[in-house]
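Following: one structure in structure tokens, then a few remarks.
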Amino acid sequence: MPAASPNSLFGMGNPLLDISAVVDKDFLDKYTLKPNDQILAEDKHKELFEELVKKFKVEYHAGGATQNSIKIAQWMIQEPHKVGTFFGCIGKDKFGEILMQKAEEAHIEAHYYEQDEEPTGTCAACITGDNRSLVANLAAANCYKKDKHLDLEQNWKLVEKAKVYYIAGFFLTVSLESILKVAKHASENNKLFCLNLSAPFICQFFKENLMKVMPYVDVLFGNETEAAAFAKEQDFKTKDIKEIAKKAQALPKENKKRQRIVVLTQGKDETVIFSDKVETFPVLKIDPKDLVDTTGAGDAFVGGFLSELVQEKPLVQCVKAAHYAANVIIRQAGCTFPEKPNFN
């Protein structure tokens with residue numbers, strides 16, 4: 001099996017600084033937040049960020065779904081460094097500097113498009129029990145420009161070096177043309193393009209963009225709530241997760257040399273995968289008292305999966321690594337991890 005090489009895994013998305021805190025139900029109610037959700041910040045959430053910092057004990061973590069997954073993949077692989085490349089947009093500010101520093105510490109090659117019109121994006125992670133409600137204020141992340149960054153020769157060379165591509169559905173709200181350029185490159189060169197449904201609102205309000213990218217998707221990730229929203233919007237006429245996986249797998253696809261793989265997680269319940277047939281994989285058990293924070297669980301799952309995929313390991317090994325990484329992350333605050341993985 002080939003070992004991972006530098007820049008063989010490419011990610012592009014919204015780099016955000018996570019501001020996480022354990023909050024109470026009153027706080028969720030005040031800002032009409034569901035306990036377990038991901039949304040984009042609106043005007044009514046402006047004060048939320050200030051109140052979170054004032055009222056609760058907050059922790060700052062480098063975040064953004066795609067960037068988290070690339071970091072976890074790199075952590076799982078360990079050597080060589082810089083297997084993972086990441087593109088996204090930040091501001092020229094303190095938070096931007098933190099993101100750069102954290103990317104370096106994680107040994108990924110982050111090439112940020114830096115601009116000074118908008119500050120670096122943030123994401124409030126409001127934790128209650130084992131739920132987390134995420135409110136993203138994209139700010140700078142929303143300013144990514146294909147012509148200003150992706151198209152530049154030295155940047156596109158890094159895209160061409162990759163074998164596996166991963167973009168979270170969240171980026172569909174930012175730069176569809178950037179996603180399509182990368183997705184088409186992968187498809188035309190028989191490389192692997194992976195996408196995540198990311199959130200119910202992506203399936204509902206950005207479904208046109210989502211379906212423009214879908215024909216290029218080799219691996220589709222999602223959780224049970226996203227899968228349900230996707231099935232409803234696509235009129236699949238089923239709520240059965242195995243049927244949803246099967247129908248998503250059968251959607252039109254450009255590159256016929258590869259079958260699409262659909263990977264749907266269900267929290268502590270089994271993971272459902274459909275490639276040529278439906279398979280289920282139980283997740284690793286965890287004692288509730290060891291569970292600290294589920295914020296990065298989905299990102300970690302994808303990161304673990306990608307770490308094996310980029311090394312051309314079989315599907316069973318990809319899922320095993322995904323479950324391992326998710327199990328480690330939920331024992332830590334934010335999407336953070338111990339120094340070395342204990343996985344083989």
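In this chain, numbering begins with 1 at the start of the sequence shown.
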Self-check item: Residues, nucleotides or ligands: over 12 heavy atoms within 6.0 Å of E105 CD
Solution: yes
Quiz item: Between T265 and N223, does any side-chain donor sit less than 3.5 Å from a side-chain acceptor?
Solution: no
Quiz prompt | NZ/K44: more than 12 non-hydrogen atoms of other groups inside 6.0 Å | solution = yes
Quiz prompt | T66 and Y166: CA distance, side-chain angles, deciding distance, side chain to side chain contact (heavy atoms under 4.5 Å, CB included) verdict | solution = CA-CA 7 Å; T66 307; Y166 173 66; 3.8 Å; yes
Quiz item: Are Y324 and F343 an aromatic pair by the rule of ring centers under 6.0 Å?
Solution: yes
Practice problem: Could you list the residues that satisfy side chain to side chain donor-acceptor pair (under 3.5 Å) with K257, not counting sequence neighbours? | Solution: none
Practice problem: Examine K181 relative to W156 and say whether NZ or CZ is less than 6.0 Å from the centre of the six-membered ring and inside a 45° cone about the ring axis. | Solution: yes
Self-check item: D287 with K289: basic N within carboxylate O range, under 4.0 Å
Solution: yes
Quiz item: Salt bridge or not for E177 and K146, using N-O below 4.0 Å?
Solution: no
Quiz item: Does the S307 side chain pair with the main chain of G304, one donor and one acceptor, at a distance under 3.5 Å?
Solution: yes
Quiz item: Between the side chains of N189 and H185, is a donor N or O closer than 3.5 angstrom to an acceptor N or O?
Solution: yes
Exercise. Measure from the ring center of F86 to the ring center of H111 and say whether it is less than 6.0 Å.
Key: no
Practice problem: Dump the intermediate steps for side chain to side chain contact (heavy atoms under 4.5 Å, CB included) on L220 and M214, then the final yes or no. | Solution: CA-CA 9 Å; L220 180 68; M214 196 58 74; 4.1 Å; yes
Quiz item: Run the side chain to side chain contact (heavy atoms under 4.5 Å, CB included) check on K246 and V278 step by step: do they pass?
Solution: CA-CA 7 Å; K246 186 179 179 180; V278 73; over 6 Å; no
Quiz item: So, E51 and K30, do they make that salt bridge, N to O below 4.0 Å?
Solution: yes
Self-check item: NZ (K102) with more than 12 external heavy atoms under 6.0 Å
Solution: no
Quiz item: Is K157 salt-bridged to E153, cutoff N-O under 4.0 Å?
Solution: yes
Exercise. Please lay out, stage by stage, how I108 and K82 fare under the test side chain to side chain contact (heavy atoms under 4.5 Å, CB included).
Key: CA-CA 5 Å; I108 65 168; K82 298 188 174 176; over 6 Å; no
Self-check item: Under-4.0 Å salt bridge between K145 and D151
Solution: no
Quiz item: Has E104 got more than 12 heavy atoms of other residues, nucleotides or ligands less than 6.0 Å from its CD?
Solution: no
Quiz prompt | D276 CG: over 12 foreign heavy atoms closer than 6.0 Å | solution = yes
Practice problem: Please work out whether the ring planes of F201 and F206 are parallel, tilted or perpendicular, with thresholds of 30° and 60°. | Solution: perpendicular
Quiz prompt | More than 12 heavy atoms from other groups under 6.0 Å of NZ on K253 | solution = yes
Quiz item: Where do S133 and K34 come nearest, in terms of heavy atoms and distance?
Solution: OG-O, 2.7 Å
Quiz item: Passes side-chain hydrogen bond (donor to acceptor under 3.5 Å, both in side chains), E270 versus Q266? Steps please.
Solution: CA-CA 6 Å; E270 62 190 17; Q266 307 183 83; 4.9 Å; no
Quiz item: What about F87 and Y144, are their ring centers closer than 6.0 Å?
Solution: no
Exercise. Inspect the surroundings of NZ in K55 and state if more than 12 heavy atoms from other residues, nucleotides or ligands are less than 6.0 Å away.
Key: yes
Quiz prompt | CD/Q154: more than 12 non-hydrogen atoms of other groups inside 6.0 Å | solution = yes
